[in-house]
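Whatever order the structure lists ligands and atoms in, that order sets their numbers, starting from 1. Computed from a predicted model, the values in this text were never measured in an experiment. Worth knowing before you read on, the calculation uses all heavy atoms, side chains too, and leaves out hydrogens, waters and symmetry mates.
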Amino acid sequence: MLCYKNVVKFKNAVWKVRGIIQISNTGEQIMTEKFVLAYSGGLDTSVLIKYLQEKYDAQVITVTVDVGQQEDLTSAGEKARKLGVLKHYHIDAKDEFVTDYIYPAIKANAIYEGKYPISTTLSRPLIAKKMVEIAEKEGATGLAHGCTGRGNDQVRFDITLSSLAPDKKVAAPVREWGMTRDEEIEYAKTKGIHVSTAAKKYSIDASIWGRAIECGLLEDASQEPPVDAYEWTVAPEDAPDEPEYVTIQFEGGVPVAVNGEKMTPLELIETLNKTAGKHGVGRIDHIEDRLVGIKSREVYECPAATVILEAHKDLEKMVMTRHEVLFKQQVDAEWVFLAYAGLWVDPLKEDLDAFINRSQENVTGEVRLKLFKGGLQVVGRSSPMSLYDKNLANYNIKTSFNQSYSHGFIELWGLQTRMYNALKHSAKKQQENKKT
Ligand code: ARG
């Protein structure tokens with residue numbers, strides 16, 4: 001036999017061509033599975049390598065995608081190779097992540113349930129896209145991820161992967177293998193997978209847009225997160241005693257410079273993560289509704305995201321008409337829901353992107369913010385496209401605003417309100433007259 005264990009055999013050799021065709025000694029054509037696995041180097045996905053090899057009879061190609069999680073991803077490759085993968089890919093997708101995923105989120109003021117800048121969410125469709133690219137290149141038959149059946153990420157991966165690669169299998173073995181954590185560790189040991197002895201206190205997921213901290217003590221939603229949960233932000237009480245001012249310049253809805261200094265998109269976010277983190281800005285603790293219905297206590301630190309989104313929203317209000325501002329709030333709410341809900345590749349999301357992109361043409365200008373002991377305030381803004389005219393709002397000077405028009409405006413504006421109340425008033429009067 002030239003092949004791996006046979007998975008699928010076709011008697012009459014009309015190949016749909018999924019996978020690798022191998023010829024056995026007896027001349028039979030045999031197809032083996034080849035899976036591209038999103039790999040982090042952690043326990044779950046390491047066990048998954050072995051699981052795919054043994055239970056799916058598959059060859060495994062691992063891929064780690066750097067979206068700015070600030071972890072040592074080089075050792076993941078070594079680990080994967082030791083576990084017998086066919087190939088390992090390391091992809092630095094940080095720049096693409098910023099321009100193609102974070103930028104649209106900034107333009108859409110993307111905050112889920114009033115608190116969460118969707119820092120984990122945004123990276124999923126990008127990782128899925130990279131997996132599919134590799135799968136195409138390598139002629140893989142399947143795509144696998146290590147998400148459990150309880151979270152949102154399974155939804156994002158399954159929908160994006162199966163939409164981008166409808167001809168490939170999508171597997172989520174962790175969802176179906178039914179192993180407890182202890183059983184998993186046992187399995188790992190028998191397969192020679194290194195299990196770190198230091199029991200991890202938290203489950204962390206990070207991207208350049210923020211760090212999500214879950215599990216352990218945080219599951220008691222009534223308790224303040226322990227100090228060691230945070231790494232990117234200091235406690236507000238330990239922040240500097242002097243406030244710091246930051247000015248962010250925007251062009252066409254995206255940030256291009258900080259304090260007058262032009263930076264690459266990635267540098268700009270890294271800089272603001274540091275500056276805001278130093279002042280304890282960007283800590284988030286809230287109860288979040290997952291797609292599968294579970295309410296979960298989520299803790300995040302998203303310093304740059306918090307600052308940039310606050311500034312962007314403020315600038316929009318200065319340059320957009322009131323009709324645009326109010327309508328866009330609804331579009332933004334829909335956009336962030338679709339992104340959170342795993343529908344990044346849904347056409348509605350693309351339709352909304354078209355609207356949002358058009359709406360950003362005038363979102364140019366700068367916003368000044370004050371950072372102090374965990375607090376963040378916009379304290380100034382200016383724009384060449386501003387619709388704010390300080391003379392119009394002023395009560396003391398004569399301007400082109402003709403106050404005599406206001407009377408007529410109010411007559412018409414309140415017409416129906418007055419009609420309704422007049423009816424109510426006369427009905428009440430009639431009632432009173434009947435009584436007397
Ligand atoms: N709840 C967040 C989301 O759905 C992030 C959770 C990620 N945390 C994790 N450990 N995977 O986007």
Side-chain angles (χ1 to χ4, degrees), residues 37-48 64-71 73 76 97 101-102 104-105 108 110-128 131 144-161 172-175 181 184 196 199-219 221 225-226 228-232 282-303 305-306 309 333 335-345 349:
L37 167 68
Y39 185 61
S40 69
L43 178 67
D44 278 349
T45 49
S46 296
V47 166
L48 250 174
T64 52
V65 182
D66 186 352
V67 286
Q69 51 269 62
Q70 301 178 25
E71 279 164 25
L73 297 174
F97 183 50
Y101 296 79
I102 293 179
I111 306 244
Y112 180 68
E113 293 190 332
K115 288 270 189 168
Y116 169 43
I118 60 168
S119 47
T120 291
T121 313
L122 288 171
S123 69
R124 290 346 191 204
L126 172 59
I127 297 171
M131 289 167 73
H145 61 78
C147 303
T148 71
R150 291 208 178 98
N152 294 315
D153 285 338
Q154 54 170 342
V155 183
R156 299 167 187 151
F157 276 115
D158 280 7
I159 296 175
T160 315
L161 291 170
V174 177
R175 205 162 53 194
R181 188 86 181 160
E184 206 184 323
S196 78
K200 286 215 185 102
K201 271 180 139 173
Y202 307 109
S203 158
I204 309 289
D205 182 82
S207 77
I208 187 82
W209 205 227
R211 187 169 171 270
I213 314 119
E214 285 181 322
C215 302
L217 294 169
L218 301 176
E219 279 166 7
D228 66 357
Y230 296 108
E231 279 183 12
W232 293 10
R283 289 189 171 188
I284 297 150
D285 177 350
H286 84 141
I287 298 293
E288 185 172 304
D289 286 288
R290 290 189 198 163
L291 279 158
V292 293
I294 298 171
K295 282 198 184 281
S296 69
R297 193 273 182 94
E298 297 282 340
V299 175
Y300 304 100
E301 35 190 358
C302 305
T306 303
L309 291 169
W335 191 97
V336 73
F337 180 72
L338 293 174
Y340 184 84
L343 299 175
W344 186 264
V345 292
K349 212 278 278 110

If the condition is salt bridge (Lys or Arg N to Asp or Glu O under 4.0 Å), which residues does [X] pass it with, not counting sequence neighbours?
X: R124; answer: D153, D205
X: R150; answer: none
X: E113; answer: none

* Asked: Can a cation-pi geometry be assigned to R156 and Y340, taking NZ or CZ under 6.0 Å from the six-membered ring centre and within 45° of the ring axis?
  ->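 Flagged: R156 positioned over aromatic ring of Y340.
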* Show your working on ring pair (Phe, Tyr, Trp, His ring centres under 6.0 Å) between F97 and W209 and close with a plain yes or no. => CA-CA 9 Å; F97 183 50; W209 205 227; 8.3 Å; no
* **V67 and Y101, any side-chain heavy atoms less than 4.5 Å apart** =>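 Heavy-atom side-chain distance check fails, nothing below 4.5 Å.
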Check ligand 1 for close polar pairs with the protein: N or O on both sides, less than 3.5 Å.
residue: ligand 1; atom: 1 (N); partner: E288; partner atom: OE2; Å: 2.9
residue: ligand 1; atom: 1 (N); partner: E298; partner atom: OE1; Å: 3.4
residue: ligand 1; atom: 1 (N); partner: E298; partner atom: OE2; Å: 3.4
residue: ligand 1; atom: 1 (N); partner: Y300; partner atom: OH; Å: 3.2
residue: ligand 1; atom: 4 (O); partner: N152; partner atom: ND2; Å: 2.7
residue: ligand 1; atom: 4 (O); partner: R156; partner atom: NH1; Å: 3.1
residue: ligand 1; atom: 4 (O); partner: R156; partner atom: NH2; Å: 3.0
residue: ligand 1; atom: 8 (N); partner: E214; partner atom: OE1; Å: 3.1
residue: ligand 1; atom: 10 (N); partner: S203; partner atom: OG; Å: 2.8
residue: ligand 1; atom: 10 (N); partner: E214; partner atom: OE1; Å: 3.0
residue: ligand 1; atom: 12 (O); partner: Y116; partner atom: OH; Å: 2.6
residue: ligand 1; atom: 12 (O); partner: T121; partner atom: OG1; Å: 2.9
residue: ligand 1; atom: 12 (O); partner: R156; partner atom: NH1; Å: 3.0
residue: ligand 1; atom: 12 (O); partner: R156; partner atom: NH2; Å: 3.2

